[in-house]
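Data block below; observations after.
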Amino acid sequence: MNLIIMGAPGAGKGTQSVRIAEKFNIPTISTGDALRRAVREGTPMGQKAKSFMDAGQLVPDEVVIGIIKDYLATDACRNGFILDGFPRSLPQAEALEAMGVRIDAVLSIEVPDDAIVKRMSGRRVCDCGASYHVENNPPRVADVCDKCASALYTRADDNEETVKNRLATYHAVTEPIAGYYASRGQLIRIAGEGNVDDITERIFDALKQIEA
Ligand code: AMP
């Protein structure tokens with residue numbers, strides 16, 4: 001199954017993509033995680049991406065298209081994949097299509113803006129890609145990752161001002177791709193508010209149609 005998961009920053013894409021990946025035994029790739037790793041390691045790509053990320057803007061299309069192209073060429077993707085946070089602009093969606101990659105469904109996790117701004121202050125993440133929320137999805141031990149026991153932290157771009165910029169970018173540049181995939185009959189809208197497990201259930205129910 002070849003999937004895309006999209007949604008505003010903090011809509012829960014990361015948490016849900018990990019659950020889908022586990023259930024269907026397919027890998028998930030987050031362009032945000034790949035970029036944060038590059039920033040930490042100080043690679044040329046990371047140096048280029050950092051100022052865009054800190055400002056809550058998208059990094060240039062060619063950078064993320066390159067990440068995805070390399071990734072989709074690996075053996076890990078042979079039996080399917082989930083793209084988390086890519087594509088995020090029409091040129092990225094067109095580049096993916098031009099790669100000749102079949103997409104079975106695009107899940108759009110929908111959460112209103114005011115709920116997003118409230119959620120972001122409670123988000124805690126781990127370098128392994130796991131993501132938590134202090135109230136909605138807490139780790140078993142406060143500030144410690146359930147998966148790898150590393151210390152959790154708040155992302156530099158989760159402060160209120162940057163979140164507002166990221167939301168504005170989402171509405172202006174990313175949301176139009178929902179229409180692009182809807183016109184191809186591939187878009188599945190998922191109500192993204194409420195209990196994390198309930199949202200996962202909604203996604204699994206929706207994906208039953210794809211599996212059938
Ligand atoms: P995320 O972890 O998905 O919220 O991404 C964090 C940041 O990485 C975003 O605010 C962007 O600056 C950058 N980023 C991640 N994915 C993309 C993408 N597909 N296109 C452009 N920038 C991206």
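First listed ligand is number 1; within each ligand, the first listed atom is number 1. In this text the structure is predicted, and so the values were computed from the model without any measurement.
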Provide the number and element of each atom of ligand 1 under 4.0 Å from a heavy atom of Gln57.
-> 11 (C), 12 (O)
Go through ligand 1 atom by atom and flag the ones less than 4.0 Å from a non-hydrogen atom of Leu35.
-> 8 (O), 13 (C), 14 (N), 15 (C), 23 (C)
Between Asp75 and Arg78, does at least one N-O distance fall below 4.0 Å, as a salt bridge requires?
-> yes
Between Thr43 and Glu41, is any side-chain donor less than 3.5 angstrom from a side-chain acceptor?
-> no
Looking at ligand 1, does any of its N/O atoms fall within less than 3.5 Å of an N/O of Gly56?
-> no
Are Ser150 and Asp127 close enough that a side-chain donor and a side-chain acceptor fall under 3.5 Å?
-> no
Tyr170 six-ring face occupied by Arg166 cation (under 6.0 Å, within 45°) = no
Can you check whether Ala191's main-chain N or O pairs, donor with acceptor, with Arg202's side chain at less than 3.5 Å?
-> yes
Hey, is Arg124 close enough to Asp158 for a salt bridge, meaning N to O under 4.0 Å?
-> no
Heavy atom under 4.0 Å from ligand 1: found in Arg155's side chain, backbone, both, or neither?
-> side chain
With atom 1 (P) of ligand 1 as the reference point, say which of Arg166, Arg88, Met53 has the nearest heavy atom.
-> Arg88
Using modelled atom types only, decide if a donor and an acceptor are shared between the side chain of Asp157 and the backbone of Gly56 within a distance under 3.5 Å.
-> no
Which segment of Val59 sits under 4.0 Å of ligand 1 when only heavy atoms are counted | both
Enumerated ligand 1 atoms positioned under 4.0 Å from heavy atoms of Gln92 = 18 (C), 19 (N), 20 (N), 21 (C)
Record the part of Leu58 in heavy-atom contact with ligand 1 below 4.0 Å; permitted values are side chain, backbone, both and neither.
-> both
Interfacing atoms of ligand 1 (cut-off 4.0 Å, heavy-atom, Arg36) = 2 (O), 6 (C)
Quick note on ligand 1: atoms under 4.0 Å from a heavy atom of Thr31 include exactly 15 (C), 16 (N), 17 (C), 19 (N)
